[in-house]
Amino acid sequence: MKGIYSALMCSFDENGQVNEKGLREIVRHNIDVSGVDGLYVNGSTGENFLISAEQKKQIFEIVKDEAGDSVKLIGQIGALNIDEAIDLAKFATNLNYDAISAVTPFYYKFDFEEIKDYYNTILANVDNDLIIYSIPALTGVNMNLEQFGELFENEKVIGVKFTAPDFFLLERLRHAFPDKLIYSGFDEMLLPASVFNIDGAIGSTFNVNGQRAKQIFELAQKGQIEEAREIQKETNDMIAAILNNGLYQTIKEMLKVKGVHAGICRKPMKSLGKEGIAQAEQIAEKYMN
């Protein structure tokens with residue numbers, strides 16, 4: 001389960017429906033061109049919180065059918081409706097996803113006991129391993145070392161997608177839980193996270209930058225920090241350009257430059273317009289060799 005995972009994008013048509021052809025092409029690009037070790041399916045990058053449960057199942061099915069067993073698959077099943085989360089967890093597990101993942105419950109400011117019960121309830125109903133998806137900037141849920149430890153007491157909780165800039169906590173987690181999987185979730189911080197001996201990373205830009213991400217991760221593991229820093233610098237130049245133009249929309253337009261029918265983003269996300277599309281094409285030409 002170690003390595004570089006793309007937070008998989010999904011292709012949608014003008015009516016907001018899943019474009020199966022485009023989704024299959026995105027999967028193939030990630031595996032055949034980016035060379036990632038795995039796919040993180042139905043996460044934020046896949047516009048998960050903008051689609052129905054039935055669309056999520058459709059995506060799980062298409063990705064598994066296209067990827068087969070060629071890479072590891074993690075299915076993000078987290079939802080505010082716990083019945084939906086359990087249903088999706090069972091669905092992904094029945095498709096033989098290697099693990100499930102669930103974002104921490106958000107919006108209602110749940111206390112930690114409620115969050116722990118959420119994870120334990122899901123796992124009591126499904127026979128699969130789970131990776132916590134911790135992204136405090138978007139959920140408002142900050143957990144400390146002791147609280148992570150309580151979640152890890154459930155043997156089915158095998159790790160965390162750590163999308164936070166708190167590298168003190170990251171180091172403490174690595175030291176305290178050497179047998180748990182720790183994935184970095186900030187693409188622009190892959191190198192410093194790798195120095196703390198993480199097990200891998202899950203990122204949006206890996207859809208178009210997977211090769212560099214693998215290089216950074218592998219060079220850091222070998223202690224070749226200066227070489228890794230140069231690649232991280234180039235990566236961050238690309239990330240800055242993407243963020244200035246619109247994250248998900250730009251990545252989709254970059255994929256289109258490579259012949260991938262990546263579709264459009266679901267509303268209320270806006271379209272880029274002619275100027276934004278032209279900028280995305282320039283970014284692709286510069287950074288996607």
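- The two atoms that bring Leu169 and Asn144 nearest to each other are CD1-C, 4.3 Å, heavy atoms only.
- Ionic pairing of Glu61 and Lys57 is not present here: no N-O contact between side-chain nitrogen and carboxylate oxygen is shorter than 4.0 angstrom.
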Let me see the working for Asn30 and Tyr5 under side-chain contact (heavy atoms from CB on, under 4.5 Å), right down to the final yes or no. CA-CA 9 Å; Asn30 272 284; Tyr5 288 69; over 6 Å; no
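- A salt bridge does not link Lys90 to Asp127: none of the charged nitrogens lies less than 4.0 Å from a carboxylate oxygen.
- Surrounding CG of Asp32 are more than 12 heavy atoms belonging to other residues, nucleotides or ligands, all under 6.0 Å away.
- The pair Glu25-Arg28 does not meet the salt-bridge criterion, since no charged nitrogen lies less than 4.0 angstrom from a carboxylate oxygen.
- Considering only heavy atoms from C-beta on, Arg24 comes within 4.5 Å of Asp65 through its side chain.
- Remark: side-chain polar atoms of Lys56 are not paired, donor with acceptor, to backbone N or O of Leu88 under 3.5 angstrom.
- Inter-residue side-chain proximity for Ile132 and Met143 is flagged as met; some heavy-atom pair is nearer than 4.5 Å.
- Between the Tyr183 side chain and the Ile4 main chain, no donor and acceptor come within less than 3.5 Å of each other.
- Expressed to the nearest 0.5 Å, how far CD1 of Ile225 lies from CZ of Arg229 amounts to 11.0 Å.
- At least one side-chain heavy atom of Ile100 sits under 4.5 Å from a side-chain heavy atom of Ile122.
- Not one N or O on the side chain of Arg212 forms a donor-acceptor pair closer than 3.5 Å with the backbone of Thr235.
- Hydrophobic clustering of Ile, Leu, Val, Met, Phe, Trp and Tyr side chains at less than 4.5 Å, counting indirect connections, unites Val141 with Ile131.
- Considering Ile216, Leu190, Asn209 as possible partners of Ile231, the one that fulfils the side-chain contact (heavy atoms from CB on, under 4.5 Å) test is Ile216.
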Would Ser204 and Asp187 satisfy side-chain hydrogen bond (donor to acceptor under 3.5 Å, both in side chains), going step by step from the backbone distance to the final call? CA-CA 7 Å; Ser204 305; Asp187 306 8; 5.1 Å; no
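- What you find for Ser184 and Ile198 is that their closest heavy atoms are CB-CD1, 3.6 Å.
- Taken from NZ in Lys270 to SG in Cys265, the straight-line distance is 11.5 Å, to the nearest 0.5 Å.
- When every heavy atom of Leu80 is checked against every heavy atom of Phe106, the shortest pair comes out as CD2-O, 3.1 Å.
- Arg174 places a side-chain N or O within 3.5 Å of a backbone atom of Phe177 that can act as its donor or acceptor partner.
- Proximity of a side-chain donor or acceptor of Lys72 to a complementary backbone N or O of Lys2 within less than 3.5 Å is not detected.
- The pair Glu230-Lys233 does not meet the salt-bridge criterion, since no charged nitrogen lies less than 4.0 angstrom from a carboxylate oxygen.
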Verdict with reasoning, Lys161 to Ile74, per side-chain contact (heavy atoms from CB on, under 4.5 Å): CA-CA 11 Å; Lys161 179 187 177 188; Ile74 301 173; over 6 Å; no
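- Residues Phe49 and Tyr107 keep their aromatic ring centres 6.0 Å or farther apart.
- Across all non-hydrogen atoms, the minimal contact from Leu191 to Ala228 is CD1-CB, 3.7 Å.
- Residues Leu8 and Leu23 form a side-chain contact, since some pair of their non-hydrogen atoms from C-beta on lies under 4.5 Å apart.
- Under 4.0 Å is where a charged nitrogen must lie from a carboxylate oxygen, and between Lys222 and Glu218 no such pair does.
- Considering SG of Cys10 and CD1 of Ile62, their distance stands at 7.0 Å, rounded to 0.5 Å.
- For the side-chain contact (heavy atoms from CB on, under 4.5 Å) criterion with Asn207, the lone passing option out of Val33, Leu39, Ile251, Val260 is Ile251.
- Note that CG of Asp237 is 11.0 Å distant from CD1 of Ile242, once rounded to the nearest 0.5 Å.
- In this structure, CD on Gln147 lies 5.0 Å from CZ on Phe112, to the nearest 0.5 angstrom.
- With rounding to the nearest 0.5 angstrom, the CE atom of Met254 is 8.5 Å from the OG1 atom of Thr205.
- In the hydrophobic clustering of ILVMFWY residues, with side-chain heavy atoms under 4.5 Å counting as a link, Phe152 and Leu170 come out together.
- Gln55 places a side-chain N or O within 3.5 Å of a backbone atom of Gly16 that can act as its donor or acceptor partner.
- Connection of Val27 to Val257 is not established within any shared hydrophobic cluster, with ILVMFWY side chains joined at heavy-atom distances below 4.5 Å, either directly or through further cluster members.
- By the 4.5 Å heavy-atom criterion applied to side chains, Val208 and Leu255 are counted as neighbours.
- Counting non-hydrogen atoms of other residues, nucleotides and ligands closer than 6.0 Å to CG of Asp69 gives a total of 12 or fewer.
- Residues His29 and Ser34 meet the side-chain proximity criterion, which asks for heavy atoms closer than 4.5 Å.
- In this structure, the side chain of Lys252 engages the main chain of Ile264 through a donor-acceptor pair within 3.5 Å.
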Which is it for Gln279 and Asn244 under the side-chain contact (heavy atoms from CB on, under 4.5 Å) test, yes or no, and what are the steps along the way? CA-CA 10 Å; Gln279 182 63 28; Asn244 286 336; over 6 Å; no
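- Both Ile26 and Leu247 sit in one connected hydrophobic cluster of ILVMFWY residues. Membership requires side-chain heavy atoms under 4.5 Å apart, directly or through other members.
- When atom types are taken as modelled, the side chain of Lys258 and the backbone of Ala284 share no donor-acceptor pair closer than 3.5 angstrom.
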List the steps, then state whether side-chain contact (heavy atoms from CB on, under 4.5 Å) holds for Val103 with Gln76. CA-CA 8 Å; Val103 68; Gln76 201 290 127; 4.0 Å; yes
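- If you chain together hydrophobic residues whose side chains sit under 4.5 Å apart, Met189 and Leu243 fall into the same group.
- Closest approach of Asp98 and Asn128 over heavy atoms only: O-OD1, 3.5 Å.
- Phe60 and Tyr97 have their aromatic ring centers within a separation under 6.0 angstrom.
- Heavy-atom minimum distance, Val36 versus Phe206: CG1-O, 4.4 Å.
- In this structure the side chain of Asn154 never reaches within 4.5 angstrom of the side chain of Tyr119, judged on heavy atoms.
- With hydrogens and angles ignored, the 3.5 Å screen pairs no side-chain donor or acceptor of Asp13 with any backbone N or O of Asn19.
- Put simply, the side chain of Glu285 never gets that close to the backbone of Gln282: no donor and acceptor are under 3.5 Å apart.
- Counting heavy atoms from C-beta on, the side chains of Asn245 and Glu253 never come closer than 4.5 Å.
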